[in-house]
Peer 1: 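Provided herewith is a single structure, encoded as structure tokens, for subsequent inquiry.
So you know, we letter chains A, B, ... as the sequences are listed, proteins then strands, and number each from 1.
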Amino acid sequence: MSNGTLYDKVWDKHKVTELPNGQDQLFIGLHLVHEVTSPQAFGMLRERDLDVAYPDQTFATTDHIAPTEEKKRQRPLKDDQAEEMLTALETNTSDNGITFFGFESGKQGITHVVAPELGLSQPGMTVACGDSHTATHGAFGSIGVGIGTSQIRDVLATGCIAADKQKVRRINVEGELGEGVYAKDIILKIIQDLGVDGGVGHVYEYGGEAIEALDMEGRLAVCNMSIEGGARAGYINPDETTYDYLKGREYVPEGDEFEERKEYWESIKSDEDAEYDDVVTVDADGIDPLVTWGINPGQVIEISDTVPEPDDFEARTDREAAEQALEHMDIEPGQSMLGYDVDVAFLGTCTNGRVSDFEEAAKILEGNQVDEDVRALAVPGSESVRAECEARGLDEVFINAGFQWRRAGCSMCLAMNDDALEGDEVCASSSNRNFIGRQGSKDGRTVLMSPAMVAAAAVEGEVTDAREYLDDEPAGSASGVGEAAD
Amino acid sequence: MSGENHITEVGGTGVPIPGDDIDTDQILPARFMKEVTFDNMADYLFYDARRDDDGEFNDHPLNRFEGASIAVINSNFGCGSSREHAPQAMMRWGVDGIVGESYAEIFRDNCKSLGIPAVTTDHETVVELQEWIEANPDGEIDIDVENEEVTYGETTIDVDIDHAMKEALVEGIWDTTSLMYSNKSKVEATVDGLPYVEGDD
């Protein structure tokens, strides 16, 4: 059993009592709400004539169904179902005194992009949201968990969830990342090493020099995909990087109060001699960019490697999954992912829809053109991200290169709006899931990668090593992938 | 949704849903979540997997084992998105209990919220049961939650069930809202110890 970790400390601070079923009742300090998984929960509250217990700890925005084309954001939305969901959220939040960041607020966006940038997510909190990517907030040193709708009802009505304490696995990510290799590559590497169900029953504590070197946006990307590794939560101990990021944000206290709050933040860090249930090391030194070749995020390779043979996998389950993946992706073992044809390039999401993601992609796109056969979408993770990118002139880079520059939302990550793959299109995507059908077409194919890799794929019309476009390397000149990394 | 129900045993005919890492996007594709209630979710269960290119029902097990109550699945079932729409769809289609190798955690929690027992056993036993269903589509399968057993035909197997899930179902306390609502004063005491929670508006 773990002892002295951030997880233990934050859990203990938020534990209300032990329930008769053996679970702990855990107070949730920040409840994030969106339009898709909450209307049924508010309905259940109405059925039982219950009020929202902690409206001041609850914040809502609209992301999953949000149209990303400017003209489609006029109300009422053309899509009747989307309009009904949005209206329900507006009514439910205003009836219950919950702050809602709508289209007109300038703060609308993906919950997991909005809450960090407003300073709502802070160290030492418990965060819950009816969305599995709630692990994202762990980047600040909090416990962020995705919950189902009945649990949303629980949080709305009681401020709490019933939960089992998990084991804590410390993941030391050692080494230094080369140019053109990012946080996204780290988390894909971790999932490659530990598997898509490796984290079941665990929370992941990420640490080590490669993690400490990341800025907050990189840390958010790592924690975001904890769930893709089967871990319901993942976190990073707070440090000066965390505090510097928080300072001055809208919901973060200032002056003496900030210093007081910081004492709390410091107090919940894992002890030097904390005990973990498990410690693993992941070597990220000099890794190449990673891309998925299959239909789950664990089916992933460094770009210099080739697609594995099903027989390369020890576990029967992995072999069967590989067979299915090869068929769906229409790809052969031994093949490189370099040169894999791409029809759509999608930049954005709660994983990679932040300013630095667009900055990195823009470096690749500057002076280049999107391949004429590629449909390319840049979808800021929030309206604040969009405004910041536009203030820096990044929108011009995207538009000049042939990208569509959109408004904020989840967009083509799960295609609950008009942004979707068609037929068996291949999408180079900065999102988090390559599941069959995820991007809106059951025959659609998703290749997960970093934003820079998406930009390079957009330009070439095929999966490309983005490092060929960085620094002084003239486009297309790098022959060996390994060389380009140096 | 009542907290009064004790769920000690569920039974009926079975439906095998073979495959590992079946994610909730497959169970309930996102485009069908644009409804403000769960009422119609049964219609969308495994929507894409159950249909051929012309939109007609194919030979997916859910099409062949209509009326089944016990789903038999493999490992890491329900991974990915937290959407409760997935187990809601299964429940509304008719699934009262699940036997399988393993579940993703949020999916299992959602099953608990809905009062659906989700029990586990090893790979070989699951495959045998799946094959038995194929051979005995009208055969009864019984999940005894209290005694942690599954019976089908002449066979009884030992299964595992998450402790909290078992307690919740057997004691009829799986409605966690009711359970926690009565602890209001303890919640207030917890809140008092948190420096970041205090009417900051």
Side-chain angles (χ1 to χ4, degrees), chain A residues 13-17 19-23 25 27 29 36-37 39-40 43-44 56-57 65 81-82 84-85 88 122 124-125 130-132 146-151 153-154 157-160 162 164 196-197 200-201 230 232 260-261 264 296 317 320-321 414-416 433 435-438 440 442, chain B residues 1 19-21 23 25-26 29-31 33-38 48-49 74-76 79-85 87-88 102 104-107 109-110 113-114 123 162-168 171 173-174 176-177 179-181 183-184 186-187 189-191 193-197 199-201:
Chain A
K13 286 236 174 256
H14 292 77
K15 178 177 169 175
V16 173
T17 187
L19 295 167
N21 67 6
Q23 290 190 298
Q25 179 170 346
F27 181 74
V36 175
T37 55
Q40 308 85 349
M44 295 173 197
D56 292 346
Q57 308 303 124
I65 56 97
Q81 286 183 306
E84 191 183 1
M85 302 208 97
Q122 295 172 19
M125 284 184 169
D131 189 289
S132 60
I147 55 177
T149 295
S150 295
Q151 291 175 301
R153 175 199 66 202
D154 288 349
T158 71
C160 300
D164 296 299
V196 288
D197 57 358
V200 172
R232 195 165 183 174
E260 271 174 45
R261 192 69 65 86
Y264 171 64
N296 73 49
T317 56
E320 288 170 6
L414 81 172
M416 285 193 70
R433 288 185 179 139
F435 298 152
I436 292 174
R438 171 77 179 180
K442 70 184 173 69
Chain B
M1 209 65 41
D20 295 312
D21 303 317
D23 55 79
D25 275 276
Q26 290 180 58
R31 63 186 186 278
M33 293 200 293
K34 289 186 349 192
E35 296 186 11
V36 295
T37 72
F38 290 128
D48 292 328
N74 297 95
S75 75
N76 200 28
C79 62
S81 157
S82 62
R83 63 190 67 162
E84 188 173 305
H85 301 66
Q88 284 273 0
S102 65
E105 278 160 39
I106 304 179
F107 181 87
D109 266 9
N110 286 335
S113 300
L114 299 178
H123 172 67
D162 172 68
H163 174 73
M165 178 182 266
K166 178 178 173 176
E167 284 295 305
E171 301 301 326
I173 48 173
W174 40 277
T176 38
T177 296
L179 205 58
M180 296 192 292
Y181 197 74
N183 295 330
K184 265 186 173 173
K186 287 183 187 163
V187 176
T190 305
V191 167
L194 297 171
Y196 71 91
V197 187
D200 56 328
D201 40 28

Peer 1: Given the options A/E320, A/K15, A/Q122, A/E260, which has more heavy-atom pairs under 4.5 Å with chain B than any of the others?
Peer 2: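 Result: the option with the highest number of such pairs is A/K15.
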
Peer 1: B/N183 and A/T17: side-chain donor and acceptor closer than 3.5 Å?
Peer 2: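 No, A/T17 and B/N183 have no side-chain donor paired with an acceptor closer than 3.5 Å.
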
Peer 1: With chain A, which of B/H123, B/E167, B/Q26, B/R31 has the greatest number of heavy-atom pairs at distances under 4.5 Å?
Peer 2: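 Heavy-atom pairs under 4.5 Å are most numerous for B/H123.
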
Peer 1: Against chain A, work out which of B/E84, B/K186, B/M33 has the most heavy-atom pairs shorter than 4.5 Å and name it.
Peer 2: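 Of the candidates given, the most pairs with chain A belong to B/E84.
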
Peer 1: Please state whether the side chain, the backbone, both or neither of B/P195 comes within less than 4.5 Å of a heavy atom of chain A.
Peer 2: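 Both parts, heavy atoms under 4.5 Å.
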
Peer 1: Out of B/D21, B/N76, B/T37, B/I106, which one racks up the most heavy-atom pairs below 4.5 Å with chain A?
Peer 2: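 The answer is B/I106.
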
Peer 1: Is the ring pair A/H14/B/Y196 parallel, tilted or perpendicular, if the boundaries are 30 and 60 degrees?
Peer 2: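 A/H14 vs B/Y196 ring planes: tilted.
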
Peer 1: I need the residue from A/I65, A/N296, A/L414, A/T37 with the largest number of non-hydrogen atom pairs under 4.5 Å to chain B.
Peer 2: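 Among A/I65, A/N296, A/L414, A/T37, the one with the most close pairs to chain B is A/L414.
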
Peer 1: Which heavy atom of A/S132 sits nearest to which heavy atom of B/S82, and what is that distance?
Peer 2: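 Looks like N-OG, 3.3 Å.
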
Peer 1: Verify, without hydrogens or angle tests, whether B/K34 (side chain) and A/M85 (backbone) share a donor-acceptor contact under 3.5 angstrom.
Peer 2: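 Checking the backbone N and O of A/M85 against the side chain of B/K34, no donor-acceptor pair under 3.5 Å is found.
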
Peer 1: I'd like to verify something: which residue of B/A104, B/A49, B/G80, B/C79 has the highest number of heavy-atom pairs under 4.5 Å with chain A?
Peer 2: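 Heavy-atom pair counts peak at B/G80.
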
Peer 1: Measure distances from A/D164 to the heavy atoms of chain B and classify the residue's part below 4.5 Å as side chain, backbone, both or neither.
Peer 2: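 Answer is side chain: those atoms of A/D164 sit under 4.5 Å from chain B.
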
Peer 1: If you look at every heavy atom in A/V36 and A/M416, which pair is closest and at what distance?
Peer 2: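 Shortest heavy-atom contact: CG2-CE, 3.8 Å.
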
Peer 1: Given heavy-atom pairs under 4.5 angstrom as the criterion, report whether the side chain, backbone, both or neither of A/R433 touches chain B.
Peer 2: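 Side chain only.
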
Peer 1: In terms of heavy-atom pairs under 4.5 Å, which option from A/G22, A/C160, A/A157 contacts chain B the most?
Peer 2: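 So the answer, after comparing A/G22, A/C160, A/A157, is A/C160.
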
Peer 1: What I want to find out is whether A/R232 reaches B/D109 closely enough, with some N-O distance under 4.0 Å, to be called a salt bridge.
Peer 2: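 So A/R232 pairs with B/D109 through a salt bridge.
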
Peer 1: What is the minimum heavy-atom distance between B/N74 and B/G19, and which atoms define it?
Peer 2: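 Of all heavy-atom pairs spanning B/N74 and B/G19, the closest is OD1-N, 3.0 Å.
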
Peer 1: Could you report the tightest heavy-atom contact between A/T158 and B/V187, atom names first, then the distance?
Peer 2: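 What the structure gives for the nearest pair is O-CG1, 4.2 Å.
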
Peer 1: Which residue out of A/G29, A/G437, A/A162, A/G148 racks up the most heavy-atom pairs below 4.5 Å with chain B?
Peer 2: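 Highest number of heavy-atom pairs under 4.5 Å: A/G148.
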
